[in-house]
Amino acid sequence: MGTMLSLQKVTKIYPGAGHIKAVNELSFDLEEGEICTVVGPSGCGKTTAMKMINRLISITSGKIIIDGKDISRLNTIELRRSIGYVIQNIGLFPNMTIGENIAIIPKLLKWDKAKIDEKVQRLLEIVNLDPDEFRDRYPKELSGGQQQRIGVARAMAGDPPIMLMDEPFGAIDPINRDHLQNEFLKVQEKVKKTIIFVTHDINEAIKMGNKICLLKDGHLVQFASPEEILTHPKNDFVADFVGGDRTLKRLNLFTIKRAMKDNPPTIHQDETIETAQNMFAKINSRYLIAVDGEGVLTGIIDKQGITDKVTHVKDVVSPTEAWLIAHASLKDGLSEIFTHDYGFLVVVDDTKKVLGWLHTEDIKETLKG
Amino acid sequence: MTLRIWFQLVKKLVPLFLTILFISWLYNYYGAWDYTIKNIPEFFRLIVEHFTLVIISMVCAVLVGVTLGTMMTRKSMENASSTIMTVVNVWQSIPSLAVLALAYGFLPLIGLSGIGMTPALIALFLHAVAPIVRNTYSGIDAVSKDVIEAATGMGMTKRQILFQIELPNALPVIAGGVRTATAIIVGTAPLAFLIGGGGLGFWIFTGIDLVDTGIMIAGAVPVALIAMLFDFCLARSEKFFISRGVQTIEVETV
Ligand SMILES: Nc1ncnc2c1ncn2[C@@H]1O[C@H](COP(=O)(O)OP(=O)(O)OP(=O)(O)O)[C@@H](O)[C@H]1O
Ligand SMILES: [Mg+2]
């Protein structure tokens, strides 16, 4: 995977705007398949920087190289057709149906009809809108959030290797936004596009980006991975921008799997209580994790709940909610640990088979690096 | 549900029926019917002349109006457009009869006859083109800048944007201009007779001159029907040509 997109000292001075540099010698390289989130305060030049890539705004000085080619040498129309574009204010075509909106680029590229129909269908499914219900509707018949999703689908329709997205999820409520972000990342896993993703929300930038490009007054303050920006903010501006809770934000970057300890103290639920007592004696824990024959979590045993009358593990197992799937974020993990009284969390796979357990100490270890 | 549709139908049809009844009664009462039957060849000649006046001036006004209005929205015409707009607005405020009179007086100065069908056509055209130019210009100008930016950014050419985005989205506004233009033309066409342009105005004015209400009605009723016919056709074609996504009124199925 080589460099897909390269900005080299790109500068923009708007005519008539004095000598203020809206974008000032911006340089960075993006590998193929990477998402670069561009963040910064309002007016810092995010939109300007992005629009120079598809030449909606002319470059004052500097160079932009896509896949080894200087874009100033390319045919503008062809360049733009190879770049998916989601604008800040959606901009669906009111006179066209949702289906026609999505099909516009494939039509310009002269794909055959069957292929276009199939693509429209697939994209509507990806953005979670029922194709049969939405294909023939008009933009005015959709909510703002639905329109925004169509905007994203439309930009992806021509299979462009590069996408430019200006606050694509800005008009969507937090729950749906979270869902869309996850869906988008899932799709991205498969399609591996190179994406410039503008946002003013640092949390979104951290979540979506492989790289974060932090701008201030037109110049680049820091260009690094989310992890790097959170652990080593370059200066006070970056530290302020990512917020005082930046350590907590890092929790979002790790999965539970990364931090959990393997080989948790599990015991088969059909075992006798003596076996359990022996295990308690061996390990320094008040609790054991009960599983069935398949290794699936059935509950937790509290040492202090064992009375003389009890003969089998089964009789003292209490069902528990203190578990999470291994690919959940550490943030969810921490929250879950604090919700329950055990001081730890059982980590399971998709079938609820026990994989490990997670303590707050494990999280601390992971954050230390 | 079906009851509602029936109700809608009745609501629409009853006034129409009453109007037709009233007109036929009027037509019969003043002997316009007899006059028309007696002069049937002349009646057809006048009808043809009238339609010629209306349709030719209409088609020219739409073609020229939309073209000019569109050109005015192009970047290179930015300076000229406000001037053209002013001229167009002034022009439209002149009463129809005065436009005809002006054509009658002005055309001989440039070596054309001020009498006959041509000056009538020119006068009708000039008067009707104004609202179309104005509406085309403001219709295209009103297309959201975001929509244009999205289209440009996605790699559509200027021409594709004009024909696939700008014009279709401006169509409801343009159609409004065409309706105004039609009303002007249909309303002014009977006056064309005054400068020798022919048409049904001939009977209306003859009736007035001879104080013969029958002849007048024999001219006036077809003029009214033609106006209704054009209005109906325009409304129909608007529903057909304008995308449902930009239509302001819900499409009626009746
Ligand atoms: N067409 C223009 N002419 C002159 N100055 C402009 C123009 N467009 C933007 N600017 C200026 O350039 C700077 C950067 O604008 P830009 O739109 O790139 O900001 P942004 O980071 O996208 O802001 P936001 O988060 O509000 O969208 C701003 O100071 C703005 O005032
Ligand atoms: Mg912006």
Side-chain angles (χ1 to χ4, degrees), chain A residues 47 50-57 74-109 136-142 147-148 150-152 154-158 160 162-166 168 171, chain B residues 66 69-70 73-76 78-79 135-178 237-253:
Chain A
T47 301
M50 198 186 84
K51 284 189 190 170
M52 282 190 281
I53 298 172
N54 64 0
R55 284 176 56 185
L56 279 179
I57 292 177
L74 299 175
N75 173 300
T76 316
I77 298 294
E78 275 164 32
L79 170 77
R80 288 178 184 159
R81 284 184 188 171
S82 68
I83 299 177
Y85 184 44
V86 183
I87 71 166
Q88 200 162 358
N89 300 315
I90 313 174
L92 295 185
F93 307 138
N95 59 313
M96 299 184 190
T97 63
I98 299 310
E100 289 166 344
N101 263 284
I102 298 177
I104 190 105
I105 289 296
K107 265 186 200 149
L108 295 179
L109 295 172
D136 296 323
R137 287 216 211 163
Y138 285 91
K140 69 169 180 190
E141 299 162 343
L142 265 59
Q147 291 186 18
Q148 212 157 33
I150 300 301
V152 174
R154 179 176 68 176
M156 289 165 69
I162 296 181
M163 305 235 322
L164 307 177
M165 313 176 82
D166 201 347
Chain B
V66 172
T70 305
T73 60
R74 300 302 95 179
K75 265 246 165 59
S76 48
E78 230 160 8
N79 299 323
N135 280 31
T136 305
Y137 177 75
S138 51
I140 293 180
D141 199 50
V143 175
S144 150
K145 296 289 158 285
D146 297 326
V147 168
I148 304 299
E149 192 200 311
T152 314
M154 286 162 61
M156 293 177 83
T157 62
K158 287 238 161 64
R159 170 192 287 264
Q160 285 163 341
I161 292 174
L162 177 63
F163 286 105
Q164 294 180 37
I165 311 288
E166 291 181 298
L167 283 175
N169 280 303
L171 212 51
V173 186
I174 299 177
V178 173
S237 49
E238 273 175 31
K239 268 167 202 169
F240 182 75
F241 285 112
I242 300 177
S243 153
R244 203 158 55 78
V246 289
Q247 273 176 17
T248 40
I249 323 144
E250 282 300 302
V251 181
E252 294 168 84
T253 39

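Order of the sequence lines fixes the chain letters, A, B, ..., with proteins taken first and strands second; residue numbering starts at 1 for each chain.
- The two atoms that bring A/Y138 and B/S243 nearest to each other are CE2-OG, 3.3 Å, heavy atoms only.
- Rounded to the nearest 0.5 Å, atoms CE (B/M154) and CG (A/L56) are 11.5 Å apart.
- Note that the OG1 atom of B/T157 and the CZ atom of A/R80 stand 11.0 Å from one another [nearest 0.5 Å].
- Contact of B/Q164 with chain A is made through backbone and side chain together, with heavy-atom distances under 4.5 Å.
- Residue contact with chain B, scored on non-hydrogen atoms closer than 4.5 Å, involves the backbone and the side chain of A/I77 alike.
- Scanning both residues, B/A150 and A/Y85, for their nearest heavy atoms gives O-CD2, 4.5 Å.
- Residues of residues 140-149 of chain B lying under 4.5 angstrom from chain A, judged on non-hydrogen atoms, are B/D146, B/V147, B/E149 by number.
- The structure places NZ of A/K107 at 10.0 Å from CE of B/M156, a figure rounded to the nearest 0.5 Å.
- In this structure, the side chain of B/N169 engages the main chain of A/N95 through a donor-acceptor pair within 3.5 Å.
- Heavy-atom neighbours of chain B within the stretch residues 98-105 of chain A, taken at a separation under 4.5 angstrom, comprise A/I104, A/I105.
- Looking at heavy atoms from C-beta onward, B/P168 lies out of side-chain contact with A/F93 at the 4.5 angstrom threshold.
- Ranked by heavy-atom pairs under 4.5 Å with chain B, the first of A/N54, A/L92, A/L164, A/I87 is A/I87.
- When heavy atoms are compared at a cutoff of 4.5 Å, A/P94 approaches chain B by way of both its backbone and its side chain.
- Heavy atoms closer than 4.5 Å to chain B are found nowhere in A/N75, neither backbone nor side chain.
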| task | Dump the intermediate steps for side chain to side chain contact (heavy atoms under 4.5 Å, CB included) on A/M96 and B/I165, then the final yes or no. | result | CA-CA 9 Å; A/M96 299 184 190; B/I165 311 288; 3.7 Å; yes
